[in-house]
Amino acid sequence: MTRLQARSLSVDLGRRRALSAIDLTLESGRFTVIVGPNGAGKTTLLRSLAGLLAPAEGTVTLDGAPVARLRAADRARAIAYLPQSGTVAWPLPVRAVVALGRLPHGEEPDALPAAGREAVAQAMAAADLAGFEDRPATELSGGERARVLLARALATKAPVLLADEPVAALDPRHELVVLEVLRAQARAGAMVVAIMHNLTLAARFADEIVLLDRGRLEAHAPPEEVLTEARLAASFGISAHVSREEGGLVVVAESPLPQG
Amino acid sequence: MLPSRPSLIAGLALLLAVLSLASLAVGPAPIPAVTAAKALVSDQGAAGIVVREIRLPRTLLSLLVGWIFGITGAALQGLLRNPLADTAVFGAPQAAALGAVLVLYFGLVGALSWALPVAAIAGALVSIALVVAVAGRNATVVVLVLAGLAVGSLAGAGTSLAISLSPNPFAVTEIVFWLLGSFEDRSSVHVLMAAPFILIASVLVLAAAPGLRALALGEETARSLGVDVRRLRVLIVAGAAIGTGASVAVAGSIGFVGLVAPHLVRPFVGYDPARTLVPAGLAGAALLLAADCAVRLIPSSAEIKIGVLTAILGVPFFLWVIARRKAELAETPA
């Protein structure tokens, strides 16, 4: 059982306070989706949880240990982090990019042991990348590259997976493929946290939703409790219609509300 | 099918052996290659003296300087995730030359003093620090190149000022010729002066190599994979400054080897930035050694400066890379 916990976490970006007094407890086996309007602090929260951003106040702990003080290799084995809109600088073959996920285990991409090769193969299969092994990563479409980078994060086999907009560049089919992979990771015992903008998909796949607004935690609960018409109006500034269909909520944004 | 990395390295090593022998044999007084090889280990009369005293230091310096240019070029390209990065982007060679010119021609030390490479290294470090400070850590390529251009121009102006203020016309000629870059008339003292610094620079840069692979996916991902990106940056920048400073101090300003060498070997190592370094160093040594043989063979009254030759060959290559990759270069943050 893994527990990732933020306690009165405040983070500054430059002189701006990006997150204020966040208290959040995340547990393994759950798929949590972070939603919120642009500039709400979603990415800042994810980076802080990953130990990549030092808090101004408060702490982030992994099973009681502050992530900021973990050894870099230990942290990298425990927490896989997938940044938003990642790029690949060199025309590395897809297989080599995915194999980078084994670095935290001290496995060199060109000399993977059996366990590493197995992890890479599983990750590629999960991200629907059969046949892509030798393609240069720079020659893929945005959505294909996003799946390659997701496979890289999966290959680490970390108990915690933090993904910043993993489905932003994907077509509808691959959106579902990736969300199913993330949910399956959670069902298999991992803690999965993803940032998303599509509220209907978030509601359908997430076990719990974290709603951020202007650096504050507005709600952390199952989708039907968080994604209410009143909350969407208050946080997103939209009038929305939320209905309950077979398979989950459907959130239809209807019109922007006047600001102020 | 491209040859694998071990056969690439073996091939480059063989090429270096052949070029080294050629470098010992070629010159105003041609010496048969067999005699040249024998002269290294036995007495061969006048030919032996030419080989050991004149051509051997020159050959060793070309190897050392070409090697460090190759690995620092590859490391900087990996660090900045940009195929056009080189020490010249930071104005480092000009700044190193200014550092050396200042101590040399204001009579602080003699031309064979240890202070010369130290001053050149200091100049290179200042220029890189200045460019990074001005351009910022997440600078785009355009900002980086402009900042490097400005710093390089400033250093060049400083050197010109030193030349104009120099009271001695012979000293002026000497500075100008030295700035063009050459391995002519270098002795074993120059080799001993540069070698320790180039060794230190190689250790620093090669220590950073494994982290470059993860950096291909960006700084954030590299950090999440447990790579200490700050340490990587310090190692490579320090290594590049020390290597450039030591090279400029003994050979003057020689450009474009560090830019070209990594490109030649990258396809053979699957574009893996970590595995590019050593082959790029060997390719750099081979390029510089070949160029140094070429300047001795090109008929002219005085020997053509190797820095001029590498620029004449290197600049069109630079332009070709820009033309081929301009679409992606417009967007890439450094």
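Numbers restart at 1 for each chain; the letters A, B, ... are given by sequence-line order, proteins then strands.
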A.B. asks: In Å, rounded to the nearest 0.5 Å, how long is the span from CG of B:Leu217 to CZ of A:Arg145?
C.D. replies: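 Reported value, rounded in 0.5 Å steps: 11.0 Å.
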A.B. asks: When heavy-atom pairs shorter than 4.5 Å are enumerated against chain B, which of A:Leu100, A:Leu149, A:Val97 gives the highest number?
C.D. replies: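 The candidate making the most pairs under 4.5 Å is A:Leu100.
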A.B. asks: Which atoms form the tightest heavy-atom contact between B:Gly226 and A:Ala76, and what is the distance?
C.D. replies: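 That closest heavy-atom pairing would be N-CB, 3.6 Å.
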A.B. asks: Supply the atom-to-atom distance B:Arg223 CZ to A:Leu53 CG, rounded to the nearest 0.5 angstrom.
C.D. replies: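 Between B:Arg223 CZ and A:Leu53 CG, I get 7.5 Å after rounding to 0.5 Å.
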A.B. asks: Report yes if some heavy atom in the side chain of B:Arg213 is under 4.5 Å from a heavy atom in the side chain of A:Glu108; otherwise report no.
C.D. replies: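 Yes, at least one pair of side-chain atoms sits under 4.5 Å.
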A.B. asks: Top residue by heavy-atom pair count (under 4.5 Å) with chain B, among A:Leu92, A:Leu162, A:Asp74, A:Leu103?
C.D. replies: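 Winner by heavy-atom pair count: A:Leu92.
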A.B. asks: Identify which part of A:Ile79 has an atom lying under 4.5 Å from any heavy atom of chain B, answering side chain, backbone, both or neither.
C.D. replies: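 The backbone, not the side chain.
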A.B. asks: Where on A:Leu70 is there a heavy atom nearer than 4.5 Å to chain B: the side chain, the backbone, both, or neither?
C.D. replies: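 For A:Leu70, neither part sits under 4.5 Å from chain B.
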A.B. asks: Walk me through it: do A:Asp110 and B:Arg5 pass the test side chain to side chain contact (heavy atoms under 4.5 Å, CB included)?
C.D. replies: CA-CA 11 Å; A:Asp110 35 5; B:Arg5 186 168 180 265; over 6 Å; no
A.B. asks: Step by step, would you call A:Gln84 with B:Glu220 a side chain to side chain contact (heavy atoms under 4.5 Å, CB included)?
C.D. replies: CA-CA 10 Å; A:Gln84 198 174 346; B:Glu220 192 94 288; over 6 Å; no
A.B. asks: Taking all atoms of both residues into account, what is the closest heavy-atom pair of B:Ser224 and A:Arg75, and its distance?
C.D. replies: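 Smallest heavy-atom distance, with atoms named: CA-NH2, 4.0 Å.
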A.B. asks: Counting a contact as any heavy-atom pair under 4.5 Å apart, which residues of residues 270-279 of chain B contact chain A?
C.D. replies: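 Checking residues 270-279 of chain B against chain A gives B:Gly270, B:Tyr271, B:Asp272, B:Pro273, B:Arg275.
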A.B. asks: Please state whether the side chain, the backbone, both or neither of A:Arg71 comes within less than 4.5 Å of a heavy atom of chain B.
C.D. replies: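 No part of it gets close to chain B.
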A.B. asks: Highest number of heavy-atom pairs under 4.5 Å with chain B: which of A:Ala50, A:Pro91, A:Pro104?
C.D. replies: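 Counting heavy-atom pairs under 4.5 Å, the top option is A:Pro91.
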A.B. asks: Just checking, B:Arg266 and A:Trp90: is the charged tip under 6.0 Å from the six-membered ring centre and within 45° of the axis?
C.D. replies: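 Satisfied, under 6.0 Å and within 45°.
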A.B. asks: Please look at A:Arg152 and chain B and tell me whether the side chain, the backbone, both or neither of the residue comes under 4.5 angstrom of a heavy atom of that chain.
C.D. replies: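 A:Arg152 touches chain B through side-chain heavy atoms alone.
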